[in-house]
Asks: 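Structure in structure tokens, see below.
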Amino acid sequence: MGKSLYKYSAQSASRLEKWLLRFKAFPGAFKEANLLGKIALILELFLPGVGTAIMGAYEKGIVSLVASGLVVFLAVYVGIQQGSGAVSLDWLTIVIFYLALVIGFYFLYISNYDATLKEVRRYSREKKYRFYSLCYGGILALKNKIQRYWVEFNDAYFKTNKKGRTMLILGFFVMGVPQMFYQQFIKGIVYLAVEAGLIVYLSVSGIVDFIGLCQLGVNNNGVFVYGILAALGIIALVGFYFSHLGSVLHWVKEDIKARRETFLDECDSLINEKFYVVGLIIPILGALIFTVVPITYMILTAFTNYSLRKVDGYFNSVETHEIVWNGFTTFGRLFQRPDTLMDMLSVFGWTMLWAFFATFTCYFGGMFLAMLLNKKAIMGKVVYRSLFVIAMALPQFVSLLVVRTMFDDGGMVNTILYQLGIITDMRDSIDFWDDAFWGKFLIIMVNMWVGVPYYMLLMSGLLLNIPQDLYEAADIEGASRWVKFRSITFPQVFYMTTPVLITSFVSNINNFNVIWFLTGGGSPIAISGTAGSTDILITWLYKLTFQSGGQSDYNLAAAIGIIMFILSASISLIVFTRSKAYNAEEEYR
């Protein structure tokens, strides 16, 4: 007993010393740091996340700054509402609420403080700063590239013949023609066609569309799409122009060295050595059209008054008013109005819980089934796996609609409960989907049933790739099943499935089908009535856009979409860059 107390006291003292050590290290790190490091350390003391972002951990810094700001905002907001009588909470709820906020803020503060201190000390030793390289590295690289181009241009101009000089000068005005003179017909035709097409497009409507995007003031949401396309056209023209100048200089230099490629050589190069150029054309165009344009459209919409109604002066109807830029007014409406804020906090909290449970119930459920079916004693493995494959092959919406019907007011489950005497009258049947607890519980369980087969098949293949000699060595050492799972199976499987796990978590944040087909978002909550008890961010966004009584809250939905995008991207980057799949790849080779 005495030894246990001594050990516990030693551990407590060690933790206390470690806690104090981080603050004792501050003066030394501050003294060694340069001006940027000193600024980062000072800002981190007052604004958690700023110093971390300055020293290079951008995603963690931004997320931490937003999170800490939200914690402070909630503390002040709830205090003001409680003091004014707008919200009446008992003292126990208030204590628990503020205690949770203090604990959360403490861990955010300490985590960012440690990260900033570590980065400042490391970069003080290496004399290398990410923030500096981020801000000035790109500019310096561009400057050096331009200087190098003019040096090489000068050199080639005085070494080449009259034809080469003509091509160098002509390249500044006409794209594609110099390449054709050097028998690069495919490249020349592409450059010439791109230049002619973009110039005609910008002259006819592109410039007008771009100016319209900057000024707005028109009663047509097409101004966003056309303006974005015009901006992409201008960027493409500039990019192709500089690429063309480099290409002309390259072929003039090749001509000086008497190394000329024929048209057949160019075709052979595109088919073999540079096939990636041809293969990437369609994916790049697809990414621009189906990813870049919609994201840009959403971001721009959030900073305008584009909507189909007018309430309290927060946003205007495009039927009677012109579209104008309104800055952060939409975000202010999202965070300042009590009803909208309460809806957002409720929906955000459930979205995170849903994404967590939906991901890990399927993950560990699939792992358990795969390990079970991997046992040699199990007979008929092919039959069991085939049944799960059939369940996975069945269209998801069919399974969801069948389950929804089973748990409806007059569905099979309520009928069975009535026959068993648990429900005395069918009019008093349990409303599973509109009840907040039962709705959320059933959503997670049904999603587990739908998602487990995929993870089971994935895990089955991964388990076969774990070296059996590791288990044999563990058996010799007398390791239990739990030790073998904890030390061998789970680390190996988790390393190989980390990217899939991250993708699944982010996908569940945006998992529209399960929520919508089962509950439709549930019964309305809070004052505004736009969010349901089982709504996640994506279904709430859909309601605001199409289902909110015909209100078509486009700008508010776009603001929520930006929050979802930042949330998904930040979680993906933070988790992946700190996983063993990213940092300890060599250990698993």
Side-chain angles (χ1 to χ4, degrees), residues 138-139 141-143 145-146 149-150 153 166-182 184-252 266 270 274 277-306 318 322-327 554-555 558 562:
I139 298 175
L142 179 62
K143 177 184 176 183
K145 192 169 184 178
I146 293 174
Y149 171 81
W150 284 114
F153 179 90
T166 303
M167 294 301 104
L168 285 173
I169 300 300
L170 184 64
F172 286 102
F173 304 98
V174 182
M175 291 168 55
V177 175
Q179 283 84 352
M180 295 182 188
F181 272 94
Y182 290 106
Q184 298 296 304
F185 296 106
I186 296 178
K187 188 176 291 186
I189 291 172
V190 170
Y191 276 122
L192 186 60
V194 168
E195 180 185 31
L198 288 176
I199 288 178
V200 170
Y201 163 67
L202 293 174
S203 301
V204 173
S205 63
I207 298 298
V208 175
D209 292 337
F210 183 74
I211 294 174
L213 178 65
C214 298
Q215 296 179 346
L216 295 183
V218 295
N219 189 7
N220 182 8
N221 65 328
V223 67
F224 291 118
V225 177
Y226 298 138
I228 293 169
L229 292 177
L232 290 176
I234 294 172
I235 294 172
L237 181 61
V238 173
F240 269 96
Y241 180 76
F242 286 109
S243 173
H244 161 74
L245 292 180
S247 175
V248 174
L249 181 59
H250 169 75
W251 289 113
V252 171
E266 184 186 15
L270 287 175
K274 298 182 179 179
V277 176
V278 180
L280 285 175
I281 291 176
I282 294 179
I284 289 175
L285 288 176
L288 287 174
I289 295 173
F290 299 109
T291 302
V292 175
V293 172
I295 289 177
T296 308
Y297 182 98
M298 176 186 68
I299 294 173
L300 294 178
T301 302
F303 293 94
T304 67
N305 67 336
Y306 179 50
V318 296
E322 294 180 340
I323 302 175
V324 296
W325 298 106
N326 64 357
Y554 297 122
N555 52 354
I562 292 175

Asks: Is there a side-chain contact between Met180 and Leu192 (heavy atoms, below 4.5 Å)?
Replies: yes
Asks: Distance from Gln179 atom CD to Ile189 atom CD1, nearest 0.5 Å?
Replies: 11.0 Å
Asks: Once you measure the plane-to-plane angle for Trp150 and Phe172, does it fall in the parallel (<30°), tilted (30-60°) or perpendicular (>60°) bin?
Replies: parallel
Asks: May I ask you to test the Asp209-Tyr201 pair for a side-chain heavy-atom distance under 4.5 Å?
Replies: yes
Asks: May I ask you to test the Val248-Met175 pair for a side-chain heavy-atom distance under 4.5 Å?
Replies: no
Asks: So Tyr241 and Leu237, do their side chains get closer than 4.5 Å, heavy atoms only?
Replies: no
Asks: Could you grab the distance from atom CZ of Phe181 to atom OG1 of Thr166, nearest 0.5 Å is fine?
Replies: 8.5 Å
Asks: Rounded to the nearest 0.5 Å, how far apart are CZ of Phe153 and CG of Leu168?
Replies: 5.0 Å
Asks: Which pair of heavy atoms, one from Ala302 and one from Ala558, lies closest together, and at what distance?
Replies: N-CB, 3.7 Å
Asks: Using every non-hydrogen atom in the two residues, find where Ser247 and Lys187 come nearest and quote the distance to one decimal.
Replies: OG-CD, 3.6 Å
Asks: If you take all heavy atoms of Ala230 and Gly206, which pair is closest and at what distance?
Replies: CB-O, 3.1 Å
Asks: For residues Tyr191 and Ser243, determine if any side-chain heavy atom of one lies less than 4.5 Å from a side-chain heavy atom of the other.
Replies: yes
Asks: Does a sphere of radius 6.0 Å around CZ in Phe303 hold more than 12 heavy atoms from other residues, nucleotides or ligands, not counting ones at 6.0 Å or beyond?
Replies: yes
Asks: What's the spacing between Ile146 CD1 and Phe242 CZ if we round to 0.5 Å?
Replies: 6.5 Å
Asks: Could you tell me the separation between the CD1 atom of Ile207 and the CD1 atom of Ile234, rounded to the nearest 0.5 Å?
Replies: 4.5 Å
Asks: State whether the number of non-hydrogen atoms from other residues, nucleotides or ligands found under 6.0 Å of Tyr149 atom OH is greater than 12.
Replies: yes
Asks: Between atom CD1 of Ile562 and atom OG1 of Thr301, what is the distance when rounded to the nearest 0.5 Å?
Replies: 8.5 Å
